[in-house]
Amino acid sequence: MDVAGLVAIDVHTHAEMSKDGHGSLSPELFGASEEYFKAHGHRQPTIAEIAAYYRERKMAAVVFTVDAEHATGHRRISNEEVAEGCAEHADVLIPFASVDPWKGRAGVGEARRLVEEYGVRGFKFHPSIQGFAPNDRMAYPLYEAIEELGVVALFHTGQTGIGAGVPGGGGIRLKYSNPMLVDDVAVDFPELRIILAHPSFPWQDEALAVATHKPYVYIDLSGWSPKYFPPQLVRYANTLLKDKVLFGSDYPVITPDRWLADFDKLEIKPEVRPRILKDNAVRLLGLGIKERTRQG
């Protein structure tokens, strides 16, 4: 990856469709997400199409799916498929994985294998969809492995469009995505690099408190158009958290084109913009460091 030639790194994109046409969510939850984001009929691109999209824009992207098999009963997209697809487009794609924490020791073993054999650089958790509190000790062996492997744990925080408007929210409990629950994880795993994904409505102040207090907790700006960012988020991004805020879009439901157009209008200091768009991600993800390969 030619990091110097990139204009931005999007740390939050989704692989929504597998090679065999299997979706990462049920049709009901996909439909709710489309309605929430007003992304009716949006295409669910293949990994190759994601790569082409970002390559054309001279950007790189972190790609992941969500493994919520325990809570939803819906078969996940294979982490290996995502990682292999990213490896085929390593000039612009960075593989993350998702392991349902309810899988226990099997999940820990899978996480280790994905990092050591497939070069995965982080793991996505969506507590509301996966049906667990981030500080549940059940998940701690998985965090321990991720910390030991030196890769990132990215947690969805705040409200989610997935399940919005479906009776009972499709069984998704918002309380699990309060960033204060991740504060316990940051205490108990002090070397673990953590990303709090999204402006954390209705817990934006909690997210800012955790990120300013814990040195290895970052915030990504995905899932919202920047024109809707709470003013305190913009203020902290410009000052106390200028080295810990990351560009993320939530592609494909929000495109980086739309996100960046609105970000251009935001009152962000000129010296802070490149940090948010690329530099902070380069440092956090260790880009430029020789990646692990299947040969070791």
Side-chain angles (χ1 to χ4, degrees), residues 1-15 45-64 82-97 114-115 118-124 149-154 193-195 197 211 215-222 226 234 237-252 254-296:
M1 181 175 291
D2 176 18
V3 173
L6 298 172
V7 299
I9 297 172
D10 186 339
V11 302
H12 198 116
T13 78
H14 290 266
T46 65
I47 291 176
E49 289 171 332
I50 295 173
Y53 182 93
Y54 280 87
R55 190 177 292 118
E56 180 181 355
R57 288 157 178 78
K58 294 183 170 56
M59 299 180 195
V62 169
V63 183
F64 48 72
V82 174
E84 288 171 350
C86 289
E88 292 172 4
H89 303 280
D91 60 317
V92 290
L93 299 186
I94 301 160
F96 272 32
L114 288 166
V115 173
Y118 288 84
V120 163
R121 288 187 176 271
F123 290 83
K124 164 66 181 282
L149 291 162
V151 295
V152 175
L154 185 152
R193 271 54 178 174
I194 294 171
I195 299 174
Y216 299 134
V217 175
Y218 296 71
I219 291 175
D220 88 33
L221 301 175
S222 65
V234 177
N238 261 325
T239 55
L240 294 177
L241 295 179
K242 63 185 178 183
D243 294 318
K244 300 177 72 180
V245 172
L246 308 159
F247 161 46
S249 66
D250 224 0
Y251 182 78
I254 295 179
T255 67
D257 291 349
R258 173 189 171 190
W259 193 100
L260 289 167
D262 288 342
F263 186 68
D264 283 345
K265 301 170 187 174
L266 209 61
E267 293 186 2
I268 297 292
K269 296 174 183 177
E271 65 272 22
V272 173
R273 285 184 181 275
R275 299 185 190 200
I276 293 174
L277 291 177
K278 185 176 80 168
D279 297 346
N280 294 341
V282 169
R283 187 179 66 258
L284 173 61
L285 298 175
L287 299 179
I289 297 173
K290 184 178 175 60
E291 296 188 12
R292 297 175 178 89
T293 67
R294 292 192 185 192
Q295 289 75 35

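As the structure is a computational prediction, the values presented were derived from the model and not from experiment.
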Does a side-chain heavy-atom distance below 4.5 Å link [X] with [Y]?
X	Y	answer
Val282	Leu6	no
Arg121	Phe96	yes
Val82	Tyr118	no
Leu260	Met59	yes

Is the centre of the His12 ring less than 6.0 Å from the centre of the Phe247 ring?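 No, they do not, as the ring centres are separated by 6.0 Å or more.
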For Glu267, is there any backbone N or O sitting under 3.5 Å from a side-chain donor or acceptor partner on Asn238?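 Confirmed, Asn238 side chain pairs with Glu267 backbone.
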Look at the side chain of Arg273 and the backbone N and O of Phe263, then say whether any donor-acceptor pair between them is shorter than 3.5 Å.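 Side chain of Arg273 to backbone of Phe263: a pair is present.
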More than 12 heavy atoms from other groups under 6.0 Å of CD on Glu271: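 Counting other residues, nucleotides and ligands, CD of Glu271 exceeds 12 neighbours.
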Residue that, paired with Val217, satisfies side chain to side chain contact (heavy atoms under 4.5 Å, CB included) out of Leu241, Ile195, Ile194: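 That would be Ile194.
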With Asp10, the side chain to side chain donor-acceptor pair (under 3.5 Å) member among Trp259, Tyr54, Tyr251: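 Per the side chain to side chain donor-acceptor pair (under 3.5 Å) rule, the option paired with Asp10 is Tyr54, out of Trp259, Tyr54, Tyr251.
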Non-hydrogen atoms of [X] and [Y] that approach each other most closely:
X	Y	result
Tyr216	Lys244	N-NZ, 4.3 Å
Ala61	Thr13	CB-CG2, 3.9 Å
Asp250	Ser222	N-CB, 3.8 Å

